[in-house]
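See below for the structure under consideration.
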2 protein chains.
Amino acid sequence: MRLTTKGRYAVTAMLDLAYHSEKRPVTLTDIAKRQQISLSYLEQLFARLRRAGMVEGVRGPGGGYQLSRDASQINIAEIIIAVDETIDSTRCGGKANCQNNQPCLTHDLWLGLSEQIRDYLASISLQDVLQRKNVRLIAERQDKQASGVQGIDMLLRQETPI
Amino acid sequence: MRLTTKGRYAVTAMLDLAYHSEKRPVTLTDIAKRQQISLSYLEQLFARLRRAGMVEGVRGPGGGYQLSRDASQINIAEIIIAVDETIDSTRCGGKANCQNNQPCLTHDLWLGLSEQIRDYLASISLQDVLQRKNVRLIAERQDKQASGVQGIDMLLRQETPI
DNA sequence: AAATAATTGACTATTTTTCTCGGATATGTG
DNA sequence: CACATATCCGAGAAAAATAGTCAATTATTT
């Protein structure tokens with residue numbers, strides 16, 4: 001499986017969206033602020049999420065993104081697949097042509113692992129994660145920080161421009 | 001978890017070693033040929049595997065590497081950890097300081113995944129993999145190819161130097 | 001002595017990931 | 001309508017990680 005920060009960003013953004021989009025669409029600008037992900041990068045990720053049918057974009061003022069399904073119907077694995085294309089551990093993408101068009105020594109091993117990871121992540125929905133106490137606490141903290149009440153860490157983190 | 005080709009190479013090489021080192025040490029040159037991994041890269045990987053106490057180097061003619069424990073006592077997870085340093089899915093390496101010294105939204109999620117992957121890979125020993133029918137067949141094929149009886153694919157693959 | 005093979009470290013190339021920029025398109029509001 | 005807001009889109013640049021190379025040293029066997 002390819003678990004890069006790309007996939008992590010996507011899951012984080014989707015969680016943020018699920019948490020905030022009960023009523024109105026959420027703008028990427030807001031998500032960018034709260035989760036500290038660059039806006040342009042978020043745009044790229046959401047383009048894929050939209051093509052995968054997981055979110056819908058609403059243009060114009062008051063617009064933003066919203067989940068196109070209930071948070072209980074979106075699992076973590078599909079989010080990662082949507083942005084990362086593959087969730088495969090094998091080198092060949094399951095085609096078993098890793099070594100000179102023949103499977104390599106470890107082919108089956110990685111195949112088993114892929115399955116393991118996919119099953120695990122597919123068994124967890126956005127809602128499952130949101131229901132965790134810790135997650136709700138963190139989300140509340142982020143809301144406060146993003147709205148201006150910055151913690152000391154936030155301030156420390158700002159680098160002095162040259 | 002960081003599952004890169006680096007970790008895959010290491011596991012593949014260790015399997016090759018386990019399969020061939022019943023009697024005498026196995027040279028990296030041989031492993032490089034059979035598994036098509038660059039010799040210098042293997043040297044780097046085995047330096048780490050040796051420091052982790054999983055293999056022993058024997059210098060001089062007739063030398064090479066051999067497992068320092070029985071193949072049943074070496075699991076896949078520790079091989080990957082030895083070369084990749086971490087098997088962690090979290091961004092912060094489990095330190096929970098992902099966002100301004102505080103845990104990010106998805107921290108616990110990645111932590112759970114890491115555990116899942118580690119447990120799975122730790123439950124599989126080198127010997128387990130070697131006992132699989134497929135793996136033995138592939139290993140035999142590689143022995144033939146590396147000893148000169150090259151298949152058509154092998155030949156096709158050789159690039160003409162400029 | 002000569003050949004073999006591990007050992008080491010610094011360095012380069014390649015690929016992937018991450019991010020930026022500039023603009024286009026759609027939509028709600030005054 | 002004009003204007004602001006926000007999505008949408010594609011080409012690339014910058015940064016980071018990965019993968020691989022090179023050159024030299026050390027230990028060991030024959």
Side-chain angles (χ1 to χ4, degrees), chain A residues 1-13 17 20-21 24-33 35-68 80 82-86 88 91 93 159, chain B residues 1-13 17 20-21 24-33 35-68 80 83-86 88 91 93 159 161:
Chain A
M1 162 156 175
R2 291 154 34 80
L3 253 192
T4 67
T5 52
K6 193 186 211 167
R8 280 197 277 267
Y9 278 163
V11 174
T12 303
L17 181 56
H20 290 97
S21 69
R24 57 188 71 258
V26 180
T27 70
L28 293 189
T29 308
D30 285 350
I31 298 181
K33 264 185 212 154
Q35 306 304 333
Q36 303 179 351
I37 307 172
S38 97
L39 174 60
S40 321
Y41 201 43
L42 274 181
E43 285 176 353
Q44 282 182 32
L45 298 180
F46 273 79
R48 285 170 184 269
L49 293 170
R50 187 172 49 81
R51 278 181 231 128
M54 315 175 69
V55 298
E56 279 162 18
V58 180
R59 293 183 166 194
Y65 281 95
Q66 49 198 184
L67 300 182
S68 45
I80 296 181
V83 299
D84 250 351
E85 269 129 22
T86 172
D88 215 310
R91 211 179 176 184
E159 291 159 10
Chain B
M1 162 157 176
R2 291 155 34 80
L3 252 191
T4 67
T5 53
K6 193 186 211 166
R8 280 198 277 267
Y9 279 163
V11 174
T12 303
L17 181 56
H20 291 96
S21 69
R24 58 189 71 254
V26 181
T27 69
L28 293 189
T29 309
D30 284 351
I31 298 181
K33 264 186 213 155
Q35 305 304 332
Q36 304 180 352
I37 306 172
S38 98
L39 175 59
S40 319
Y41 202 40
L42 274 181
E43 285 172 354
Q44 280 182 33
L45 298 180
F46 273 79
R48 284 172 185 267
L49 293 171
R50 189 172 50 79
R51 277 181 232 128
M54 314 176 70
V55 298
E56 281 162 13
V58 181
R59 293 182 169 198
Y65 281 95
Q66 50 199 184
L67 300 181
S68 46
I80 296 181
V83 299
D84 250 350
E85 269 130 19
T86 172
D88 215 311
R91 212 179 175 183
E159 291 160 10

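To find a chain, count down the sequence lines: A is the first, B the second, and so on, and within it residues start at 1. Both backbone and side-chain heavy atoms feed into the values below; hydrogens, waters and symmetry mates do not.
Put simply, CG on A:L39 and NZ on A:K33 are 10.5 Å apart, with the number rounded to the nearest 0.5 Å. In this structure, the separation between CD on B:E43 and OH on B:Y65 is 7.5 Å, given to the nearest 0.5 Å. Atoms CZ and CD, on A:R24 and A:Q66 in that order, are 11.0 Å from each other to the nearest 0.5 Å. Between the OG1 atom in A:T12 and the CG atom in A:L17 there is a gap of 12.5 Å [rounded to 0.5 Å]. Atom CG of B:L49 and atom CD of B:E56 lie 12.5 Å apart (nearest 0.5 Å).
Among the nucleotides C:dC19, D:dA6, C:dT8, the one closest to any side-chain atom of B:E43 is C:dT8. Distances were taken from every side-chain heavy atom of B:Y9 (C-beta onward) to each of D:dT7, D:dA11, D:dG20; the shortest belongs to D:dG20.
Spacing between atom CG of A:L45 and atom P of D:dT7 amounts to 13 Å, rounded to whole angstrom units. Between B:Y41 atom OH and D:dA17 atom C1' there is a gap of 10 Å when expressed in whole angstrom units. Put simply, CG on B:L28 is 8 Å from C1' on C:dA6, counting in whole angstrom units. B:R48 places its CZ atom 15 Å from the P atom of D:dG20, with the value rounded to the nearest Å. Look at CZ on A:R24: it is 14 Å from C1' on D:dT5, rounded to the nearest Å. The distance from atom CG of B:L49 to atom P of C:dA6 is 13 Å, rounded to the nearest whole Å. Note: CG (B:L42) to P (C:dT8) measures 16 Å, nearest angstrom. Atom-to-atom, CD1 of B:I31 to P of C:dA6 comes out at 9 Å; the value is rounded to the nearest Å.
Between A:G63 and A:A47, the residue whose closest nucleotide on DNA chain D is further toward the 5' end is A:G63.
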Nucleotides 26-30 of chain D: which of its N/O atoms have a protein N/O under 3.5 Å away?
{"from": "D:dT26", "atom 1": "O2", "to": "B:R59", "atom 2": "NH1", "distance (Å)": "3.1"}
{"from": "D:dA27", "atom 1": "O4'", "to": "B:R59", "atom 2": "NH1", "distance (Å)": "2.5"}

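Side-chain nitrogen and oxygen atoms of A:S38 include at least one within less than 4.0 Å of the OP1 or OP2 phosphate oxygen of C:dT20. Of the side-chain N and O atoms in B:R50, one or more sit less than 4.0 angstrom from OP1 or OP2 of C:dT8.
The base of C:dT20 sits within donor-acceptor range of the side chain of A:Q44, with an N or O pair under 3.5 Å.
Counting heavy atoms from C-beta outward, A:F46 and A:I31 have side chains that approach closer than 4.5 Å. Between A:Q35 and A:Y9, every side-chain heavy-atom pair lies at or beyond the 4.5 Å cut-off.
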